[in-house]
Visitor: 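One structure follows; several queries about it will come next.
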Amino acid sequence: MKNNIEDLINQAINKLQQQGMLDASLQPNIQVTRTRDVAHGDFASNIAMMLSKPAGKNPRDLAQALIDALPDNEHVHKVEIAGPGFINFFIHQQTTLDIIRTILERGDRFGTSEVGQGEKVQIEFVSANPTGPLHVGHGRGAAYGATVGSLMRAVGYDVDCEYYVNDAGRQMNILAVSVWLRYLQQLDVSITFPVNGYKGDYVLDIAAELVNKYGGVYAHEAKQVMNGIPADEPDGGDKEIHIDALIERTKLLLGDDGYRVMFEAGLDSILADIAEDLEEFGVHYDVWYSEQTLADRKLIEKAVQQLQDAGHIYEDKGALWFRSTSFGDEKDRVIIRDNGQATYFASDIAYHMDKFARGFHRVINIWGADHHGYVPRVKAAIKALGEDESKLDILLVQFAILYRGGERVQMSTRSGSFVTLRELREEVGNDAARFFYVMRKCEQHMDFDLDLAKSQSNDNPVYYIQYAHARVCSVLRQLAEKNMSHDIAAGNENLALLTESHETDLAIQLVKYPEVVEKAAVNAEPHLLVHYLRELANQFHTYYNAHQFIVEDDDIRNARLNLISAASQVIYNGLHLLGVSAPESM
RNA sequence: GCCCCGGUAGCUCAGCAGGAUAGAGCAGCCGCCUCCUAAGCGGCAGGUCGGACGUUCGAAUCGUCUCCGGGGCGCCA
């Protein structure tokens, strides 16, 4: 309808240009918006005010000229000039009510479209290091990424969701050592656990399984483990040096095979846990991409070589540097350390190179806001590799700050004192968690009050929306008890009977749904849908309180039941996109 | 020091490709169940849109400066 009106205005402008009232060279940017106030009709355009200056005419006079030039349209009921020169369009009520028929016909496909034209899009999100369970901070990225994926699919994009598994690098070595040391402790080897080790209970569980499976096969005496290892922090040493020495000692004592056992026990167990956690949260991935395979497939070397061939690499102090400053970064970055090891950045260049090689038209990375300093160098690398950087969008999700008892909850994976996503899900439920996480714009810091979320209180906005859906289901259930029926075809014939203001308001809200879904998808802003659904639920509840649906008059009853069925269908569709269930009774 | 995000009602936040009297939830106060679930509805009250200047017919929205809060700036990942 909006496009329709833009069309009409365009025709009017053309007509005035032909008549010489407007300069033919004007290329107006026609804006049509939905009005806030019903007194202003359904749609409004500011075109007359925008053209008033270049046309050298008073905006209200120009508006009148445009209105006179507007072609007739079956859906437009009335056009008015208002205020300083707005043109307000009033749509026929029947046109609005026809949306009910459309919704009931299209069912759960109502709101989907093809604007994405099947474009291949990759969304990578969460990608937390597999060194411990997901915590509530990851939950926001998970819910946000999954919802953006659903939204984009709904409007016709071909979406792949991907998790980048950081299964290589120092963190994983620290995990392997942590597992082994816990294993030794459980075999009563007296060892002080390093400050920098992973202290979470899950490491104890992994170690216990190893004890079960292998007994003392990988045991060594405390002396062998600790002799000659530089002191840890509490003993006046450096915790980083201490843990690195322990990694080397572990590799030495266990050999390659033994070390792999520790390494994989940690990785496999934690990754499986993460995958299960996300699946239970309704977050599905198409691809789990291993960082290790980049090295195995020599993609890192290839990426470095490609940059070198293009002349963007130089050597300094024994390391290889990428001249990222040539591409807008604030300083150059090391990609191969003086010890010959590739940096994480090098892997990431290779990873992004591979993303583009896989043929995505658009690549979306959803990162925690703490990675924002990393954005320029990744974009720099992409430019240096000759790729089109506009295909890469990096969306930064701000932290979810937890509050418990009015106090901020500190989180740290290493210390083991965090609230896990699983814990949150169990306490507030998947529906509330999914909903809360996408309620805010992603760049908005989020205060997540655990006490409030945990309390199964009525304040919970997700219940409010679900309740609207359940209420409609309940009404339809009652029909049978009252020996009455709902004839959808008859209802569609009688939509014109829906003349109450509550009914038109509700229908207008329903008309907006596809526009909201499209805008939420294109802008990656799920919160728009959340706000829309709240408003829709509110309009339904208001209608519910104002009028009876189960009435004796067959025509009115069928028409009203069609309207509320359509409303509940839209609520169902919207909640589904958010990954939230729509219960039939509550 | 540089960079990113935020500063709108008591609290948590929408609105920000400039537009017609700035919205919602919660909290507060007052009403509404002989009637399809009161997990609901209606009403009242509540705001110098952090501040200043600028652009504009018009600024919460755009620009510059400034103040406050959060985060980031490694041969870590």
Side-chain angles (χ1 to χ4, degrees), chain A residues 29 31 33 35-37 39-40 44-46 49-50 52-53 58-59 82-86 88 127-129 131 166 168-174 240 291 316-321 330-331 333-348 368-376 396-399 401 439-449 452 456-468 470-479 481-482 484 523 527-528 530-532 534-535 537-538 540-551 560-561 564 585-586:
Chain A
N29 171 25
Q31 289 178 25
T33 51
T35 55
R36 234 168 236 249
D37 189 336
H40 300 142
S45 179
N46 58 357
M49 287 179 289
M50 293 187 68
S52 121
K53 199 173 205 178
N58 166 317
F86 288 101
N88 291 337
S127 300
N129 287 346
T131 53
N166 298 122
R170 183 162 172 266
Q171 299 306 318
M172 291 308 297
N173 287 324
I174 294 176
E240 306 292 346
E291 179 187 359
D316 187 35
K317 295 179 222 149
L320 286 189
W321 296 70
E330 59 183 9
K331 56 172 288 198
R333 309 292 173 176
V334 171
I335 57 171
I336 305 291
R337 289 193 278 264
D338 57 6
N339 64 9
Q341 292 271 310
T343 58
Y344 176 81
F345 180 42
S347 305
D348 231 8
D370 54 334
H371 286 71
H372 97 263
Y374 199 71
V375 174
L396 299 175
V397 178
Q398 293 291 327
F399 294 134
I401 302 165
M439 232 162 69
R440 308 269 175 255
K441 279 187 302 194
C442 71
E443 64 261 35
Q444 180 83 32
H445 290 268
M446 184 164 65
D447 291 339
F448 205 125
D449 187 332
L452 185 77
Q456 292 276 346
S457 79
N458 317 343
D459 313 338
N460 204 331
V462 69
Y463 291 149
Y464 181 82
I465 296 168
Q466 289 178 320
Y467 183 42
R471 262 186 157 172
V472 175
C473 295
S474 173
V475 169
L476 296 176
R477 277 193 301 267
Q478 308 258 334
L479 273 179
E481 291 172 26
K482 305 200 174 184
M484 284 198 238
N523 297 343
H527 75 278
L528 296 178
V530 170
H531 287 277
Y532 167 84
R534 216 221 166 259
E535 221 171 293
N538 176 248
F540 167 75
H541 287 309
T542 301
Y543 179 39
Y544 181 97
N545 273 272
H547 300 283
Q548 285 283 126
F549 310 141
I550 301 179
V551 291
R560 287 185 175 173
L561 292 176
I564 65 167
S585 69
M586 291 174 74

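Each chain gets a letter, A, B and so on, in the order the sequences are listed, and its residues count up from 1.
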Visitor: For Phe86(A) and G19(B), do the ring centres fall under 5.5 Å apart while the planes stay under 30° apart?
Guide: no
Visitor: Output yes when at least one side-chain N/O atom of Tyr464(A) is less than 4.0 Å from OP1 or OP2 of C41(B), else no.
Guide: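 For Tyr464(A), the contact criterion (side-chain N or O under 4.0 Å from OP1 or OP2 of C41(B)) is met.
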Visitor: Which nucleotide in the set U37(B), G72(B), C13(B) lies at the smallest distance from any side-chain heavy atom of Asp370(A)?
Guide: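 Closest nucleotide among those given: G72(B).
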Visitor: Could you check how far CD of Glu535(A) sits from C1' of C41(B), rounded to whole Å?
Guide: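 In whole Å, C41(B) C1' and Glu535(A) CD are 16 Å from each other.
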Visitor: Respond yes when some side-chain nitrogen or oxygen of Arg471(A) is under 4.0 Å from OP1 or OP2 of A39(B), and no when none is.
Guide: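 Arg471(A) to A39(B) OP1/OP2: no side-chain N or O under 4.0 Å.
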Visitor: Looking at Ser474(A), does any N or O in its side chain come under 4.0 Å of the phosphate oxygens OP1/OP2 on U37(B)?
Guide: yes
Visitor: Which letter, B, S or -, goes with each nucleotide of nucleotides 2-8 of chain B from 5' to 3', with contact meaning a protein heavy atom under 4.0 Å?
Guide: -BSBS--
Visitor: Closest nucleotide of RNA chain B for Gly83(A) versus for Val475(A): which of these residues is on the 5' side?
Guide: Gly83(A)
Visitor: What integer distance in Å separates Tyr344(A):OH from C73(B):P?
Guide: 14 Å
Visitor: Which value, in whole Å, describes the distance between the P atoms of nucleotides A22(B) and U48(B)?
Guide: 12 Å
Visitor: Between Met172(A) (CE) and A77(B) (C1'), how many Å, whole number?
Guide: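 Those two atoms, CE and C1', are 11 Å apart.
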Visitor: So what does Ala470(A) touch, heavy atoms closer than 4.0 Å: a base, only the sugar-phosphate, or nothing?
Guide: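 The answer is base, as Ala470(A) lies within the cut-off (heavy atoms under 4.0 Å) of a base atom.
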Visitor: Picking from U37(B), A20(B), G15(B), which would you name as closest to the side chain of His40(A)?
Guide: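 Nearest to the side-chain atoms of His40(A), counting from C-beta on, is A20(B).
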Visitor: For nucleotides 56-63 of chain B, print each protein N/O atom paired with a nucleotide N/O atom at under 3.5 Å, atom names and distance only.
Guide:
{"unit_1": "C57(B)", "atom_1": "OP1", "unit_2": "Lys53(A)", "atom_2": "NZ", "d": "2.8"}

Visitor: Closest-nucleotide mapping onto RNA chain B: is Tyr374(A) or Ala369(A) further toward the 5' terminus? I mean the 5' end.
Guide: Ala369(A)
Visitor: Within the 4.0 Å heavy-atom criterion, would you say Gln341(A) contacts the bases, only the backbone, or no part of the nucleic acid?
Guide: nothing
Visitor: Round to a whole Å and report the spacing from NE2 of His531(A) to P of C26(B).
Guide: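 So the NE2-P distance, His531(A) to C26(B), works out to 14 Å.
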Visitor: May I have the distance from His371(A) (atom NE2) to G72(B) (atom P), rounded to whole angstrom?
Guide: 11 Å
Visitor: Which nucleotide, A24(B), U37(B), C36(B), lies nearest any side-chain atom of Ile550(A)?
Guide: C36(B)
Visitor: Supply the atom-to-atom distance Met586(A) CE to Gln466(A) CD, rounded to the nearest 0.5 angstrom.
Guide: 5.0 Å
Visitor: Calculate the interatomic distance between Asn538(A) atom CG and A24(B) atom P; express it in whole Å.
Guide: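 It works out to 9 Å between those atoms.
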Visitor: Output all residues satisfying side-chain contact (heavy atoms from CB on, under 4.5 Å) with His40(A), sequence neighbours left out; order by chain, then residue number.
Guide: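 For His40(A) the side-chain contact (heavy atoms from CB on, under 4.5 Å) partners, ignoring immediate neighbours, are Thr35(A), Asp37(A), Asn88(A).
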Visitor: Whether the Gln171(A) and Thr131(A) side chains hold a donor-acceptor pair (N or O, under 3.5 Å, no angle test) is what I'd like checked.
Guide: no
Visitor: Base, sugar-phosphate, or nothing for Phe345(A), non-hydrogen atoms under 4.0 angstrom?
Guide: nothing
Visitor: Nearest to the side chain of Tyr467(A), which nucleotide is it out of A39(B), G72(B), C36(B)?
Guide: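 The nucleotide sitting nearest to the side chain is A39(B).
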Visitor: Using a 4.0 Å heavy-atom cut-off across all strands, classify Ala168(A) as base, sugar-phosphate, or nothing.
Guide: sugar-phosphate
Visitor: Can you tell me how far C1' of U37(B) sits from CD of Glu481(A), to the nearest Å?
Guide: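 Rounded to the whole Å, the gap is 12 Å.
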Visitor: Quick check for you: among G18(B), A20(B), C75(B), whose closest atom lies nearest to any side-chain atom of Ala82(A)?
Guide: A20(B)
Visitor: Would you indicate what Ser52(A) reaches in the nucleic acid, counting non-hydrogen atoms under 4.0 angstrom: base, sugar-phosphate, or nothing?
Guide: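 Result for Ser52(A) = nothing.
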Visitor: Consider the side chain of Gln171(A), meaning its heavy atoms from C-beta on, and name the nucleotide among G40(B), A77(B), C36(B) that approaches it most closely.
Guide: A77(B)
Visitor: Of all the nucleotides listed (C41(B), U37(B), A38(B)), which has the minimum atom distance to the side chain of Thr542(A)?
Guide: C41(B)
Visitor: Give a yes/no verdict on a cation-pi contact between Arg471(A) and Tyr544(A), requiring under 6.0 Å between NZ or CZ and the six-membered ring centre and an angle within 45° of the axis.
Guide: yes
Visitor: What's the closest nucleotide to the Gln478(A) side chain, out of U37(B), G15(B), C75(B)?
Guide: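 Output: U37(B).
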Visitor: Which listed nucleotide (C36(B), A77(B), C75(B)) is nearest to the side chain of Arg170(A)?
Guide: A77(B)
Visitor: Would you tell me if any nitrogen or oxygen in the side chain of Arg440(A) comes within less than 4.0 Å of OP1 or OP2 on G25(B)?
Guide: no
Visitor: Of all the choices, G18(B), A77(B), G40(B), which nucleotide is nearest to the side chain of Glu291(A) once you look at every atom?
Guide: A77(B)
Visitor: When syn is taken as a glycosidic angle within 90 degrees of 0, is C4(B) syn or anti?
Guide: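 Judged by the O4'-C1' to base torsion, C4(B) sits in anti, the angle falling more than 90° away from 0.
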